Q: 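For reference, the structure I am asking about is given below.
Chain letters run A, B, ... following the sequence lines, proteins first, then strands; residues in each count from 1. This is a predicted model, so every value here is computed, not measured.
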There are 2 protein chains.
Amino acid sequence: MNSLSHISGIPLYIQIREKLRQDISHGLLLPGQKIPSEDQLAKQFGVSRMTIRQSLAGLLSEGLLHKQHGVGTYVSHVRIAANYTRMTSFTQDALAQGKNPSSELIDIKKSVVGEEIAKLLAIHKGDIVVCLKRLRKINEHPVAIQISQVPEKICPPELENYDWSRQSLFELLEAHGHRLNRAIETINARLADKEQAKLLGLHIGDPLLYIERITFGDNGMPVEFVEMYNRPDSYRCTITLTR
Amino acid sequence: MNSLSHISGIPLYIQIREKLRQDISHGLLLPGQKIPSEDQLAKQFGVSRMTIRQSLAGLLSEGLLHKQHGVGTYVSHVRIAANYTRMTSFTQDALAQGKNPSSELIDIKKSVVGEEIAKLLAIHKGDIVVCLKRLRKINEHPVAIQISQVPEKICPPELENYDWSRQSLFELLEAHGHRLNRAIETINARLADKEQAKLLGLHIGDPLLYIERITFGDNGMPVEFVEMYNRPDSYRCTITLTR
DNA sequence: CAGTGGTCTAGACCACAGG
DNA sequence: CTGTGGTCTAGACCACTGC
């Protein structure tokens with residue numbers, strides 16, 4: 001039984017990958033269990049072995065499966081969500097978890113960048129950036145302060161006129177032709193100052209998870225620099241490392 | 001000129017990948033520049049296109065290259081170190097950066113695990129774990145406190161007799177037949193308590209980067225659970241996200 | 001339209017693990 | 001030894017981009 005569709009337009013390797021993912025999440029394939037060999041899967045789905053290998057590659061990189069040369073491919077013991085090192089927006093993230101994201105605009109303005117930020121955004125010192133400061137909420141509880149800086153030259157016009165309580169910057173930039181491709185995050189710990197504590201409902205000196213992110217577009221150029229101050233109790237940053 | 005070796009035992013796609021990596025790091029291929037198409041590279045190196053694609057896959061996942069469907073493959077503008085989501089030990093990490101890692105053993109003991117840790121290590125409540133508490137130093141400056149818990153049944157015997165100022169737990173477990181394969185880290189912010197502040201040379205209430213890690217062996221079973229308290233000024237946790 | 005990367009095939013031989 | 005995953009080929013057609 002394979003049930004692959006050659007006319008759906010969805011690549012076979014993705015259909016197979018998602019079928020395997022379902023089999024795992026539905027318990028048909030249990031943690032620690034060996035899945036059929038690549039040859040067997042190829043016959044079962046009626047595709048070539050290279051296509052099966054492409055299907056497995058995604059699940060392997062997520063850590064959902066692991067291989068042993070000369071032995072077989074196994075379902076990992078701890079289930080790992082698919083998106084741990086995937087770039088997602090705050091809005092997408094929250095919606096995917098069935099939560100209700102919203103934002104409160106604290107400030108939006110244009111400003112001149114200093115040397116440091118200019119370097120990160122690959123622009124020149126003195127260039128103009130749009131600076132967007134938002135309080136992010138999940139189910140109406142404040143969880144993070146985000147300060148985004150985007151070079152003015154790649155910004156959609158009239159940024160001030162959007163409804164930032166609902167508008168995703170991520171989606172806006174994509175709609176404006178900047179397909180986002182990759183990001184680098186640096187994570188650290190900081191103490192809440194007076195303003196941060198007030199906005200996040202904490203006390204001065206409480207710990208915050210501080211994340212800096214540079215997001216790159218399809219052409220490899222930096223698109224935004226974001227600083228995030230996260231409530232440590234409501235934001236979990238989990239990553240998967242591989243050998 | 002291709003200069004690939006069929007007798008070195010090194011797979012062709014790795015030889016090609018490293019050749020491309022060199023061309024980039026030596027400036028023969030500049031950031032933003034388009035590299036030859038997959039077909040051209042295949043002819044140039046005398047291999048099939050699939051082999052070229054395999055070579056590129058590694059560089060793409062590192063962010064060193066990026067592709068645009070229908071356009072070409074380009075060298076990324078910001079160089080990214082190879083190991084951002086690679087699992088490495090504290091010792092390996094430091095040595096790779098040309099620094100001098102050392103440790104100070106604070107405590108080593110066997111203890112009974114509670115329900116929570118047992119779950120993380122996929123063992124039973126009441127099982128025995130070896131608990132290793134170390135102060136990690138770089139060039140003799142304390143940078144982190146690490147508390148590792150390893151199920152007794154997979155521990156090498158007589159753990160107490162090792163010289164923990166030099167011994168890497170990572171290497172010891174590998175030498176004892178537990179090839180480490182994958183890890184999941186959860187990152188958060190905490191405040192230093194009295195003991196932590198003293199060990200790390202900070203004040204009570206200073207912010208610490210708190211990381212929990214579960215490391216998995218080749219067979220997919222958890223091998224160790226580690227809690228790390230890092231000085232935020234001397235530890236940078238940087239990860240690369242991809243779409 | 002031509003050029004590029006995206007997907008896919010139907011084989012092949014090798015390296016490794018385990019019985 | 002058998003079965004597994006690791007590497008590799010020499011094609012093919014499709015989807016996307018930019019001219």
Q: C:dG5 P sits how many Å from B:Gln54 CD, rounded?
A: 17 Å
Q: May I have the distance from A:Asp39 (atom CG) to C:dC14 (atom P), rounded to whole angstrom?
A: 17 Å
Q: Measure the distance from CD1 on B:Ile52 to P on D:dC8 and round it to the nearest whole Å.
A: 10 Å
Q: So, OP1 or OP2 of C:dT4: does either fall under 4.0 Å of a side-chain N or O from B:Gln40?
A: yes
Q: Is a donor on one side and an acceptor on the other found under 3.5 Å between the side chain of B:Gln15 and the backbone of B:Ile10?
A: yes
Q: Checking contacts here: which listed nucleotide (D:dT4, C:dG5, C:dC8) is nearest the side-chain heavy atoms of A:Leu12?
A: C:dC8
Q: Between atom CD in A:Glu38 and atom C1' in C:dC8, what is the gap in whole Å?
A: 16 Å
Q: Using atom CZ of A:Arg17 as one end and atom P of C:dG6 as the other, report the distance to the nearest whole Å.
A: 14 Å
Q: Would you say A:Thr73 reaches D:dT4's phosphate, i.e. side-chain N/O to OP1/OP2 under 4.0 Å?
A: no
Q: Between P on C:dT9 and CZ on A:Phe45, what's the gap in Å once rounded to a whole number?
A: 13 Å
Q: Check for a donor-acceptor pair, side chain of A:Trp164 on one end and backbone N or O of A:Lys133 on the other, with a separation under 3.5 Å.
A: no
Q: With a 4.0 Å cut-off on N to O distance, would you call A:Arg166 and A:Glu171 a salt bridge?
A: no
Q: Less than 4.5 Å apart, side chain to side chain, heavy atoms only: is that true for A:Glu224 and A:Gln149?
A: no
Q: A:Leu56 CG to D:dG6 P: how many Å, rounded?
A: 9 Å
Q: Thinking salt bridges, do B:Arg21 and B:Glu18 make one under a 4.0 Å N-O criterion?
A: yes
Q: Nucleotide by nucleotide, 5' to 3', does protein get under 4.0 Å of the base (B), only the sugar-phosphate (S), or neither (-) in nucleotides 10-19 of chain D, counting heavy atoms?
A: B-B--BBB--
Q: From the options C:dT4, D:dT7, C:dG6, select the nucleotide whose nearest atom is closest to the side chain of B:Lys67.
A: C:dG6
Q: Could you tell me the separation between the CZ atom of A:Arg53 and the P atom of D:dC8, rounded to a whole number of Å?
A: 11 Å
Q: Determine, for A:Lys43 against A:Asp39, whether the closest basic-nitrogen to carboxylate-oxygen distance falls under 4.0 angstrom.
A: no
Q: For A:His124, I'd like to know if atom NE2 has over 12 heavy atoms of other residues, nucleotides or ligands within 6.0 Å.
A: no
